[in-house]
Amino acid sequence: MTMADPDPEPKNAGVDGSAAMGQSPSTAVGSVDILLIEDDTQDAFLVEELLADTALSARITWVTTLTEAREHLPRFRGCVLLDLNLPDADGMGLLREVLTTAESAAVVVLTGLNDEHEGIAAVAAGAQDYLVKGQVDGSLLARSLRYSIERQRADENARQLREAELYARENMRLERGLLPQVLLDDSPLSHRSFYRPGRKRALVGGDFFDAVQKDGTTHVIVGDVSGHGPDEAALGVSLRIAWRALVMGGVAEDAVLPALEQILISERAQEEMYATLCQTSLDTGSERARIRLFGHPPPLVLRDGKVEEVVATPHPPLGVFPEGAIDVEEFAFPRGSTLLLYTDGLVDAYDGTPPGRLGVQGLQRLLIDILGRGTSIADLPEHLVDDAERYNGGPLQDDVAMLLLSHGGQR
Amino acid sequence: MRLTATVSNVELKISRRSHADYAVVTVRGEIDLYTAPQMHSALVDALGDGAQRLIVDMSRVEFCDSTGISVLLSAMKRAREKDGELELVAPKPAVMKILEVTGLDAVFTIQETTDALPMAATP
């Protein structure tokens, strides 16, 4: 390289457009970082001088080779002004490396008077703009830089939006698998289900529920795979479908959950994944239901404005220490009452000022209040979550799934 | 004996005293979705540094959600794989409640008071 400047380091020219500091241009790009990759000293000085005369406040870093530029490109977020004829690289190969290495930067190509076709090809390849040397004045250069950065930002936003959409669609698919249409056609139970994702929306949780009426018994589950993320959600989907298959396949009630635990153990991605689960089973005609509880908060029975927690022995979550069939317990589930099954996102909400949490007692308090206001079972979940969010001081951290089952029709 | 302290988050503070075959990990704050990964690495580090007996002082933990419980469970499994043990010391009622609901109060070794903590070697 031929240099008039004795300083061999990349040059941070203090071209602040000081002539125009008072009249800040009304554009989103106030000050611009420019990485000038140009081996011709005169051209480089020309760029600096042109910019000095404009309203654009520019911080220029000047390098003369691709090798030097590589040190700056990966983190660079401004505009790269690129000469396509460098001592160590040229043409489209050079452009491609700059475009892929400086993903978040805008790239404007500088071409010679006789190489304008190169500029057109560069824009087709992904550069934001091209400028023909010798045909550029200060205002054209400044405008090109500003527009290029704006265009690059718009492209970046569009890319992020596309990613977010893909993510949302993926989550929707998982949620459909976790929260199905229940099968309660001939059941004495009618249902109302509810799901609201937590504050970390991007990470779908592993909350799931299902209800199936088979051979005169209605079985209901609600569960939660420990942790957050696609693996956990996918395991939740597997468990929910496996449970439905076991029940619909006519597997004896006592054998369903031990089999489900075996499936969990064989399907989980890491040994540390487990699932909490609550299953209740009600024979048609009976007013007593059976309950099996694995690390999950027990359901609540709502009746005549009163709210009671079902008493049942808690067993460790499925997948922790497989213990085979457990003793089943019974509870009263009379006609006219409603069973509320839920996941712990609800009770983990703050109860006013931290660190106090709502807990089951807080949940009961909210429910009694909501029922006291004459709220119907159909509207109860929204009211409950809204109230919990108000006490929490904002959206709940974790996902909330709820399943309400009314015995003998809703009241 | 080595003294290591990590303070990375307003919500959870973790410090560790490591001895030859056991480590005392003191946790302060709330263990939830956000802070559980921090506790996970602290417990894994303690086990990786050779502690067989992992004693977790829970006396200043205000809250522990299912993610936190999951971290404790996985640390316990890792400890047992090395013929070691994980002990929870003096969990507050709020934390004890979730251990009971999850049926894990019988699974973890729980010491009711901090008297169970080994005496710190006095200088």
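Letters A, B, ... mirror the listed sequences (proteins, then strands); counts begin at 1.
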Novice: What residues of residues 94-107 of chain B sit under 4.5 Å from chain A when only non-hydrogen atoms are counted?
Specialist: Glu100(B), Val101(B), Thr102(B), Gly103(B), Leu104(B), Val107(B)
Novice: Tell me if the CD atom of Glu308(A) is crowded by more than 12 foreign heavy atoms within 6.0 Å.
Specialist: no
Novice: For chain B, which of Val320(A), Leu293(A), Thr276(A) has the most heavy-atom pairs under 4.5 Å?
Specialist: Val320(A)
Novice: Could you list which of residues 63-73 of chain B have a heavy atom closer than 4.5 Å to any heavy atom of chain A, in residue-number order?
Specialist: Phe63(B), Asp65(B), Ser66(B), Ile69(B), Ser70(B), Leu73(B)
Novice: Is it the case that over 12 heavy atoms from other parts of the model lie below 6.0 angstrom from the CD atom of Glu329(A)?
Specialist: yes
Novice: Between Phe294(A) and chain B, with a heavy-atom cut-off of 4.5 Å, which part of the residue counts as in contact: side chain, backbone, both or neither?
Specialist: neither
Novice: What part of Asp348(A) gets within 4.5 angstrom of chain B, counting heavy atoms only: side chain, backbone, both, or neither?
Specialist: both
Novice: Enter the distance from Lys77(B):NZ to Tyr274(A):OH here, rounded to the nearest 0.5 Å.
Specialist: 10.0 Å
Novice: For the CD atom on Glu112(B), are there more than 12 heavy atoms of other groups (residues, nucleotides or ligands in this structure) within a distance under 6.0 Å?
Specialist: no
